[in-house]
Undergrad: 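One structure, pasted below without further comment.
Atoms within a ligand are numbered from 1 in the order they appear, just like the ligands themselves. Source: prediction; values computed, not measured.
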Amino acid sequence: MSRFLIKNQYSLRRKAFIFAARFLLLIKSFIHKIIYPVKKLFFSIVLIAVLVLQPACTKAPQPVTAENGMVVSTSSYASKVGVEVLKKGGNAIDAAVAVGFALAVTYPSAGNLGGGGFMVIHLADGKNITIDYREKAPLSAHRDMYLNEAGEFVPELSQFGTTSAGVPGSVAGLIYALENYGTLSLTEVIQPAIDLAKNGWRLEQRDSIYFSNTIPLFSRYPSSMKVFTKNGEPYRTGDLFVQADLAWTLEQIKENGRDGFYKGKVAELLVAQVGSLGGYITLEDLEKYQPVEREPITGNYRGYDLISMPPPSSGGITLVQMLNVLENYDLKNMLRGSSKYIHHIAEAMKYAYSDRTYHLGDADFYPVPKDQLISKEYAKAIFEKIESANNIAVPFSEIKSLEVSPIHESTETTHYSVYDSYGNAVSTTTTINSSFGSGIVVEGAGFLLNNEMDDFSGKPGVMNQFGLLGTEANSIQPEKRMLSSMTPTIILKDGNPFIVIGSPGGSQIITTVLQVILNCIDFSMNIREAIEAPRIHHQWIPDSIFYEQKALSLEVKQQLIEMGYLFWDMDIKSRIIGIAEGIMIDQKNKIIYGASDPRGGGLAAGY
Ligand code: DON
């Protein structure tokens with residue numbers, strides 16, 4: 001190849017190279033001048049969009065809102081009954097009483113005529129009231145009534161059959177509330193329940209499952225099979241559920257007030273049913289039953305005032321005690337759900353449940369050291385003990401020691417919360433104890449008897465169905481009320497209702513209410529988020545953390561194990577802790593928020 005050619009080729013290549021380099025520079029400057037700003041703009045837009053849209057996408061679940069009034073219960077039928085009462089001018093107490101009767105028809109596993117409950121009321125004029133209509137031990141009851149000849153506790157007697165039934169208080173309590181604080185007539189508030197019982201209501205899936213799961217218990221009693229099956233066949237979702245006998249009982253109450261239940265034909269049917277199966281309730285027990293108005297348990301948590309239920313509920317005292325301990329921690333700046341957070345709340349729970357065991361019972365029969373238990377000084381002493389353990393779980397035996405055995409969980413009992421346009425708030429929890437109570441329908445009267453006697457301590461050191469222990473404070477005596485965990489609570493902000501809350505869940509009621517309150521106050525959650533957030537529970541004995549599956553990550557669980565905690569893993573996949581039904585009121589903007597716990601399938605209905 002000639003040098004010229006070579007040179008020429010070289011110069012040609014060079015030219016090409018220079019041309020390519022220039023072209024690239026041109027493109028680069030084009031990219032820089034045009035595409036880069038466009039690209040930058042594009043990414044900026046994407047970034048802004050992400051920042052703007054992300055909160056909307058991950059936005060917390062929102063509660064139901066209303067301007068005038070709200071009713072939240074675990075039965076959509078009952079919530080609608082309540083909101084209709086509010087719409088026609090009734091106050092929160094009228095609505096609560098109507099919901100109470102409606103739940104006896106549309107949520108028979110816990111709503112009731114044959115059980116008892118607690119109602120906490122905040123009146124718009126600032127007065128706070130609690131009404132105790134808890135069941136009582138029959139006149140013939142005695143300390144050792146559930147022990148066999150060898151002195152052993154026989155749970156079959158305290159949990160099943162008519163021997164387990166306490167004297168019912170719900171009808172007397174609802175009528176007392178209406179007569180003293182309501183504005184409508186008994187006919188107006190009870191009629192919707194009568195209509196639902198007489199004309200029937202459609203079973204949802206939850207109801208048909210509840211009914212069919214309980215057939216083994218119902219099958220012990222022909223009167224119960226008659227109501228809760230179709231001639232022995234299980235009810236199906238969508239079936240119309242008519243309760244003619246229950247409608248008749250409700251009519252007797254409508255016509256005769258409390259005497260329609262505690263005297264006359266209904267009372268006779270109840271006593272006949274109890275007597276035929278060896279139980280204790282007599283006509284005298286029924287006639288003597290009276291609800292009691294009691295001084296609320298009050299507390300203050302980070303500037304919010306708490307109004308809750310006194311003994312025979314353990315709820316108010318135990319709740320205030322735990323909150324007083326936790327007030328010493330800066331929870332807001334902790335990661336909710338972290339091992340540190342769980343450690344603090346679990347330790348507060350353990351100390352409070354230990355005190356529940358030793359000191360709480362019906363204060364009409366036992367000197368409950370209420371003032372000490374809810375004092376800030378006492379809480380400070382507990383806080384210091386927790387701190388001195390230096391991030392280690394204090395073993396239950398170092399708090400106090402008793403014998404341990406497995407516990408059975410259940411999620412019955414039911415809570416409802418009401419707020420009206422006048423500024424009154426009502427928080428009510430009611431129960432027949434286990435799901436469907438004793439499982440015994442009173443023949444001809446259509447309602448279930450409770451099995452509440454199991455909430456007494458049948459023998460010191462022996463657990464009841466919720467794994468709760470008791471001592472002398474909660475021993476059985478005639479006409480005494482068995483200790484409860486029901487915690488209907490109202491929280492005030494600057495003197496006005498802020499939160500109305502409560503839950504079922506046996507021993508887990510108080511810790512459920514605690515965590516919803518912490519979620520609202522410390523973590524600024526809306527009421528729906530606060531209710532839906534997964535929960536944990538510790539009750540001192542058994543010395544284990546109960547938890548909903550989503551409440552603890554594997555990492556947090558591992559950290560807690562290293563801190564000395566044990567876990568109750570049995571049934572973890574299906575476990576729920578409580579079914580909270582709550583209202584939050586934004587007084588400044590006049591917005592009422594309601595949320596029914598998805599764990600239960602109820603309804604928040606507002607208008
Ligand atoms: O009064 C009590 O504490 C119990 N009888 C409540 C029972 C209850 O919540 C059932 N569901 N778990």
Side-chain angles (χ1 to χ4, degrees), residues 74 103 107-112 114-120 130 132-137 155 158-160 164-170 173 210 213-214 217 308-319 352-353 356-357 360-362 407-416 428-439 448-458 463-470 473-474 480-489 501-513 535 537 539 546 548 571 574-581 597 599-600:
T74 197
L103 283 168
Y107 195 66
S109 58
N112 66 81
F118 299 128
M119 187 178 284
V120 175
T130 77
D132 165 7
Y133 47 97
R134 178 74 160 162
E135 299 93 324
K136 281 182 148 192
S158 73
Q159 285 175 27
F160 297 96
S164 68
V167 183
S170 289
Y210 273 20
N213 285 351
T214 317
L217 176 62
S308 194
M309 199 63 211
S313 175
S314 60
I317 291 179
T318 309
L319 176 67
Y353 274 77
R356 181 194 189 280
T357 305
L360 300 191
D362 182 349
I407 80 162
H408 305 286
E409 296 172 64
S410 138
T411 47
E412 277 323 313
T413 299
T414 191
H415 180 84
Y416 52 101
T428 304
T429 315
T430 184
T431 187
I432 39 178
N433 203 14
S434 307
S435 189
F436 298 94
S438 64
L448 281 159
L449 285 171
N450 68 80
N451 62 341
E452 215 75 60
M453 290 294 283
D454 188 59
D455 274 352
F456 275 118
S457 167
M463 289 176 170
N464 75 355
Q465 65 169 310
F466 302 112
L468 288 168
L469 294 160
N474 190 30
K480 190 173 173 181
R481 288 172 158 98
M482 54 296 281
L483 187 62
S484 171
S485 300
M486 293 187 288
T487 314
T489 298
I501 189 73
S503 175
S507 56
Q508 303 176 346
I509 293 174
I510 320 172
T511 49
T512 294
V513 172
R535 299 189 265 262
H537 169 79
Q539 59 181 52
F546 291 75
E548 291 177 328
D571 305 325
S574 58
R575 177 169 317 139
I576 58 167
I577 293 181
I579 301 175
E581 310 289 346
D597 200 326
R599 296 167 180 85

Undergrad: Quick one, Ser314 with Ile510, criterion side-chain contact (heavy atoms from CB on, under 4.5 Å). Give me CA distance, side-chain angles, the key distance, then yes/no.
TA: CA-CA 8 Å; Ser314 60; Ile510 320 172; 3.6 Å; yes
Undergrad: Please work out whether any backbone atom (N, CA, C, O) or any side-chain heavy atom from C-beta onward of Asp455 is under 4.0 Å from ligand 1, and answer side chain, backbone, both or neither.
TA: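 It is the side chain that gets close, since no backbone atom is under 4.0 Å.
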Undergrad: Check side chain to side chain donor-acceptor pair (under 3.5 Å) between Thr318 and all other residues, then give those that pass, not counting sequence neighbours.
TA: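 Partners of Thr318 under the side chain to side chain donor-acceptor pair (under 3.5 Å) test: none.
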Undergrad: Classify the contact between Arg134 and ligand 1 as side chain, backbone, both or neither, using a heavy-atom distance cut-off of under 4.0 Å.
TA: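 The side chain, only.
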Undergrad: Which of the numbered atoms in ligand 1 are below 4.0 angstrom from a heavy atom of Ser485?
TA: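 This gives 1 (O), 2 (C), 3 (O) as the contact atoms.
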Undergrad: Which atoms of ligand 1 have any heavy atom of Ile509 under 4.0 Å away?
TA: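 This gives 9 (O) as the contact atoms.
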Undergrad: Using 4.0 Å as the upper bound for N to carboxylate O, is an ion pair formed by Asp455 and Arg134?
TA: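 Looking at Asp455 together with Arg134, the answer is yes, because their closest N to O distance falls below 4.0 Å.
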Undergrad: Does any N or O of ligand 1 fall below 3.5 Å from an N or O anywhere on Leu483, backbone included?
TA: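 Checking ligand 1 against Leu483, no N or O pair falls under 3.5 Å apart.
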Undergrad: Which of the numbered atoms in ligand 1 are below 4.0 angstrom from a heavy atom of Met486?
TA: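 Reading through ligand 1 atom by atom, the close ones are 1 (O), 3 (O).
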Undergrad: With no hydrogens and no angle check, do the side chains of Asp454 and Ser164 hold a donor and an acceptor under 3.5 Å apart?
TA: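 Checked: Asp454/Ser164 side chains show no N/O donor-acceptor pair below 3.5 Å.
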Undergrad: Side chain, backbone, both or neither: which applies to Gln508 and ligand 1 if a contact is any heavy-atom pair less than 4.0 Å apart?
TA: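 Near ligand 1, Gln508 shows nothing, with every heavy atom at 4.0 Å or more.
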Undergrad: For Thr487, which residues count as a side chain to side chain donor-acceptor pair (under 3.5 Å) partner, sequence neighbours excluded?
TA: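 Not a single residue meets the side chain to side chain donor-acceptor pair (under 3.5 Å) criterion with Thr487.
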Undergrad: Could you please spell out the steps behind the side-chain contact (heavy atoms from CB on, under 4.5 Å) verdict for Phe546 and Asp571?
TA: CA-CA 10 Å; Phe546 291 75; Asp571 305 325; over 6 Å; no
Undergrad: Hey, does Pro504 come in under 3.5 Å of ligand 1, counting only N/O atoms on both sides?
TA: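 Among all N and O atoms of Pro504, none is under 3.5 Å from an N or O of ligand 1.
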